[in-house]
Amino acid sequence: MEYKFKEIEKRWQDYWEENKTFRTEDDYTRPKFYVLDMFPYPSGSGLHVGHPEGYTATDIVARYKRMKGFNVLHPMGWDAFGLPAEQYAIETGTHPSVTTQNNCENFRRQIKALGLGYDWDREVNTTDRGYFKWTQWIFIRLYNTWFDEKQQKGRPIEELEIPEHISKEGKESVQNFIADHRLAYYDDAQVWWCPHCRIVCSNEEVLNDGTHEKCGSLVERKNLKQWMLRIPHYAERLLEGLDGLDWPEGVKDMQRNWIGRSTGAEVEFQIEGSGQSLRIFTTRPDTLFGATYMVVSPEHLLLEALTTDDQKDQVDKYVAQARLKSELDRSDLSREKTGVFTGSYAINPVNNQQIPIWVADYVLMGYGTGAIMAVPGHDTRDFEFATAFSLPILCIMNPHGADEELRTLVLAGKACWTEDGTYVNSVHAGTGLDINNLSKEQGIARTIEWLQERGLGKSAINYKIRDWLFSRQRYWGEPFPVIHWEDGEITLLEDADLPLELPALERYEPGSHGESPLANATSWLIVNDSKGRKGRRETNTMPQWAGSCWYYLRYIDPDNDQEPFSKIKENYWMPVDLYVGGAEHAVLHLLYSRFWHKVLYDLGIVSTDEPYNKLFNQGMILAFAYESKTGAKVPSDLVEERDGSYVHTETGEPLNQIVAKMSKSLKNVVNPDDVVAIYGADSLRLYEMFLGPLDAVKPWVENGVKGVYNFLNRVYKFFADPTHYFTGDEDPEVLKSLHGTIKKVGGDIEALHFNTSISQMMIFTNLCIKKGKVTPETAEAFIRVLGPFAPHLSEEIWQQLKNQSSIAEASWPIYDESFLQEDTHEYPVMINGKLRFKIVLLINLESEEIRKQVLQHETAVKWTGGADPKRFIHVPSKIINIVV
RNA sequence: GCGGAUGUGGCGGAAUUGGUAGACGCGCUAGACUUAGGAUCUAGUUCCUUCGGGAGUGUGGGUUCGAGUCCCUUCAUCCGCACCA
């Protein structure tokens, strides 16, 4: 009765493949459940143990839901455009599609070896012409859509009303006006350029220290013509949509933070001695009385006009330095404030005070208006700057809750107070504004009202999110269905001309100055229209995010060549009920695809406003690593264990065991293929789930696999052996445990608590082994519960129990609550809050009778001395507590 | 600095509404079976103990008959964002 997992797993994987056990039909009469994994980039190194974690979790849910009668969609595919294949092509000349195909095959083989029940007839690949045709089709939709602010809705570009003064100016103005409203537009953009990869990076791909996240080189600023998507138009919708989603709070917050909404006001400051004004954004218009100077960013358009002749040299020098700094010293963390006086003054509208205008790089051009009013009394950055350059500091807020020493300093303008307080110095007879004695909310409201009455400002909302840079100077991506004509006109291909495929190339190197390799494909590149006009195809390609923005929709109808997906099918399957993947996509992929989805929704192409109903992030799987006392990392193959501590094999130096990310340099990477070879796929699946809560970060412990392997062995040896069966009435204890297990495991799967459901199955198995014999009915029910977790082993035993069809098609057993009810309960009895003894009592006993029986117990008498206790607490079916 | 999360045995981790802290597994200890075992099975395993008990869920306090769970305080670790006006 040996557990031959290799044989068993091979047999059932072949069976599933031949019988298409996991094929999903579009049966609209049944309730649907769409469970989705974040599809992988098929890298050359294959799966790591992190992949099967999420995949196993969704597989268990999918199998369980199927057994519960749902029509389940559980597909897999490949996010296959991307740099590594292109890099490999540059090095070897191998076409990326060849590399991609090989990698996909390897991934598919590995995934099938884990017994994951995907419907392979629905496999998608973002690099297939039948797939990216529709990615291009969606791009055309984005191009032909504008966002109606009033309706908060994307609308077809034909419905955009052209204002009269624009149409009067002629065709070109009209075209420009339309272009300014399209969700996709082509324009000069200052972009991040990675000189190493020779590629443009999106803001999201540049790390804090100014390096490219992919290669670690410092990026540079560069001006290039680029495709951009106006995602900020959807900021409000993307923000609102989050509220109704069953997502981890952390992910929602990250998205909110990324969108970065803040409310406040825009205020115009007149520049003294010029007709111009300087506009600023502030979240605290109520602190206008405390604005003692202004600052513009070094890139501000008005800077030149503001700079007086006297200050020109200094300002020019500063701006040049700032530019250099933004390219080289971004990692410089010493945040000392620098800046230069422009020579100009503005008038503070609330008190007609003359205040100096400075230029400083702590003001960012990319946020708000690129200019600020500085309130050094109540803003730490402004305070720092004012102190450094001896600018006046005015307190307008008497601090709440500050000690007297601090209060005195704040009132004297010698310390900064950023919390709430009572307004002081916030009235001016000349301008008529008085907010003294108002609350913060009233102060803000009153000031905005005052500004609006005088046309000096208005309430405003600002977002951090910026237009999405949507093109890359790369070969291995979706080509844009775009032609740039010699007269400057831009046209998009007709739907009927899609897909636009990539040309064959000899060489895949990008140009050194931002030219895509596609620029070398002359015969592909140049086009002529019927009138002989010459045009050039767009040579940029779309970023890798494009394909993953909508893949969940293609699974619904993967072979459709008439439309991206059928409307009826989409209506049935959407939204995704459960989406599982890593937290690294918390912002980018999830925000981008929500954006696309909302546009498609506005255009009536999809039926839901949001794509993913419930999102779950699996925690990363780490591994043990070793470091010396100095913190130097030591590869695992140079470590040995002696008497419970770890030492360096060569030097004998004592080492500490730490937990770290798996990495080649630490030699602690676990390959799922190796685990499958030693313990089998069911053991790997079970261990990945038993390791800990799905969302927790947890280390891989080799010995733990043995634990679950042992469990499966015990299951096999017990349930696959007919001598362990008897016919007749099942032991009540087994029956109770079985029904408890069915209930517990079902509930745990719904809650994604797989670790505790495995514990429960272990408890049940241990009981059965202890009892020695069970009925076949008990075995059948238990094996169905185990099925989603260890499908190969379960199929094997299921078949031995004389079942003809796959266990995947069996129904989930129904538990009977009556087996779970007890007529007696073993009460823990606590005396003064400490457990002293236990007593078995009938559940339906009168409370007087319970009191009597408990107090008669010898241990109770010992503590009470026979006297009546002060209190006697009886919680039915829970606990008894006696206070003496 | 801001936001999110997490602190429980030697280790991974359990503990619906406050109600037996340490389930389940690893490891360890002892025993059985074995030529042998890093196989399998059985028993034990939070710590201290004068064997009556006592202490115990990062720290300190509070509410309660009763707190890992609720409230306040504080420390540590991880993740994300960060000169965002």
Side-chain angles (χ1 to χ4, degrees), chain A residues 208 248-258 260-262 264 280-284 287 291 294-295 297 335-337 360-364 366-375 378-382 384-385 418 462-465 583-584 586-587 617 619-620 622 624 644 657 659 686-687 690-693 695-708 710-711 713-714 717 747 751 753 755-766 769-770 826-838 862 869-884:
Chain A
N208 291 338
E249 219 31 63
V251 175
K252 287 197 201 180
D253 270 319
M254 279 162 76
Q255 294 215 347
R256 288 189 187 110
N257 195 284
W258 191 263
R261 179 188 205 267
S262 34
I280 61 103
F281 172 76
T282 176
T283 54
R284 292 299 299 275
T287 62
M294 300 183 79
V295 186
S297 80
R335 298 245 167 92
E336 239 163 76
K337 296 275 182 292
D361 64 3
Y362 83 92
V363 173
L364 309 172
Y367 185 76
T369 62
I372 61 155
M373 66 174 196
V375 185
H378 306 285
D379 179 287
T380 47
R381 294 154 302 168
D382 297 344
E384 225 178 283
F385 190 81
T418 58
N462 221 305
Y463 300 94
K464 277 194 253 182
I465 192 168
E584 68 271 20
V587 179
N617 291 131
M620 208 188 312
L622 308 177
F624 288 124
Q657 190 181 55
V659 167
L686 224 56
Y687 180 59
F690 189 59
L691 206 50
D695 54 353
V697 174
K698 48 216 173 254
W700 183 274
V701 185
E702 174 78 27
N703 274 337
V705 190
K706 260 188 243 168
V708 293
N710 236 331
F711 164 64
N713 259 295
R714 285 155 64 82
K717 281 179 189 161
H753 293 166
N755 52 334
T756 48
S757 40
I758 293 169
S759 298
Q760 182 60 42
M761 290 189 281
M762 287 172 168
I763 292 169
F764 177 75
T765 306
N766 291 344
I769 292 170
K770 203 174 126 196
E826 187 183 41
Y827 279 95
V829 180
M830 301 170 86
I831 296 169
N832 291 339
K834 286 216 170 286
L835 179 71
R836 294 301 168 184
F837 64 96
K838 290 180 184 177
K862 188 176 131 196
K870 267 193 208 146
R871 288 190 68 171
F872 187 92
I873 296 130
H874 166 227
V875 186
S877 295
K878 280 272 161 68
I879 203 163
I880 288 162
N881 195 6
I882 304 169
V883 185
V884 294

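Scope of the values below: all heavy atoms of this structure, side chains included, with no hydrogens, waters or symmetry mates. Since we're looking at a predicted model, the values are computed, not measured.
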Scan every strand shown for a Watson-Crick or G-U wobble partner of B/G3, both distances under 3.5 Å, and answer none if you come up empty. B/C79
If we only count heavy atoms from C-beta on, is the A/M373 to A/D382 side-chain gap below 4.5 Å? no
Checking B/G80, B/C65, B/U42 against the side chain of A/R714 (C-beta onward), the nearest is B/U42
Answer yes or no for A/K337 and A/Y362: cation-pi contact, defined as NZ/CZ to six-membered ring centre under 6.0 Å and angle to ring axis within 45°. yes
Paired with B/G44: which nucleotide, if any, by Watson-Crick or G-U wobble criteria at under 3.5 Å for both distances? B/C28
Between A/S262 and B/A85, does any side-chain N or O lie under 4.0 Å from OP1 or OP2? yes
Can you tell me if A/R836 touches the phosphate of B/G53, counting only side-chain N or O atoms and a distance under 4.0 Å to OP1 or OP2? no
Side chain of A/L835 only, please: which of B/G13, B/U20, B/C65 is the nearest? B/U20
Would you mind telling me which of B/G19, B/G12, B/G3 lies closest to the side-chain atoms of A/D253? B/G3
For B/U17 versus B/G7, give the span between their P atoms, rounded off to a whole number of Å. 15 Å
For A/M620 and B/G12, give me the distance from atom CE to atom P, rounded to whole Å. 18 Å
Return the nearest nucleotide to the side chain of A/S759; candidates are B/A23, B/G3, B/C81. B/A23
Work out how far the C1' atom of B/U49 is from that of B/A55, and round it to whole angstrom. 11 Å
Among B/C83, B/G19, B/C65, which is the nearest nucleotide to the side chain of A/K337? B/C83
Which one, B/A23, B/G54, B/G80, comes nearest to the side chain of A/K834? B/G54
Applying a 4.0 Å non-hydrogen cut-off, can you work out what A/N755 is touching in the nucleic acid: base, sugar-phosphate, or nothing? sugar-phosphate
Mind checking if A/R261 touches a base, just sugar-phosphate, or nothing, with heavy atoms under 4.0 Å? nothing
Using Watson-Crick or G-U wobble geometry with both distances below 3.5 Å, tell me the partner of B/U63, or none. none
Quick one: CD on A/E584 to CG on A/N617, what's the gap to the nearest 0.5 Å? 8.0 Å
Where the side chain of A/N257 is defined as all heavy atoms beyond and including C-beta, which of B/A23, B/C81, B/G19 is the nearest nucleotide? B/C81
Tell me if B/G52 is syn or anti. Syn = glycosidic torsion within 90° of 0, anti otherwise. syn
Taking atom P in both B/U8 and B/G60, what distance in whole Å separates the two? 16 Å
Against the side chain of A/I873, the closest entry in B/C81, B/C41, B/C65 is B/C65
For A/V701, which contact category applies under a 4.0 Å heavy-atom criterion: base, sugar-phosphate, or nothing? nothing
Looking only at heavy atoms, what is the nearest atom pair of A/S297 and A/V363, with distance? CB-O, 3.0 Å
Taking for each residue the nucleotide of RNA chain B bearing the nearest heavy atom, is the 5' side occupied by A/M254 or by A/D379? A/M254
Mind checking A/K838 for me? I need base, sugar-phosphate or nothing, with any heavy atom below 4.0 Å counting as a touch. base
Tell me whether the OP1 or OP2 atom of B/G25 has a side-chain N or O from A/N766 closer than 4.0 Å. yes
Please state the C1' separation for the pair B/G22 and B/U57 - nearest whole angstrom. 9 Å
4.5 Å side-chain heavy-atom contact, A/V701 and A/Y687: yes
It should be established whether A/N710 places a side-chain nitrogen or oxygen under 4.0 Å from OP1 or OP2 of nucleotide B/U40. yes
Could you walk me through whether A/R714 and A/N766 pass side chain to side chain donor-acceptor pair (under 3.5 Å), step by step? CA-CA 9 Å; A/R714 285 155 64 82; A/N766 291 344; 2.5 Å; yes
Taking atom types as they are modelled, is there a donor-acceptor pair under 3.5 Å from the base of B/U17 to the side chain of A/K878? yes
Looking for any heavy atom pair under 4.0 Å, which part of the strands does A/P248 touch: base, sugar-phosphate only, or nothing? nothing
By the rule that syn is within 90° of 0, classify the base conformation of B/G66 as syn or anti. anti
How do A/G704 and A/N832 order along RNA chain B: which one's closest nucleotide is nearer the 5' end? A/G704
When we call it a touch if two heavy atoms are under 4.0 Å apart, what does A/V708 touch: a base, just sugar-phosphate, or nothing? nothing
From CG of A/N703 across to P of B/G38 the rounded distance in Å is 13 Å
Return the value, rounded to whole Å, for the distance between atom CD of A/Q760 and atom P of B/G25. 11 Å
Candidate nucleotides B/C83, B/C65, B/A23, ranked by approach to the side chain of A/Y362 - the nearest: B/C83
Counting side-chain heavy atoms from C-beta on, which of B/A15, B/A85, B/G19 comes nearest to A/L364? B/A85
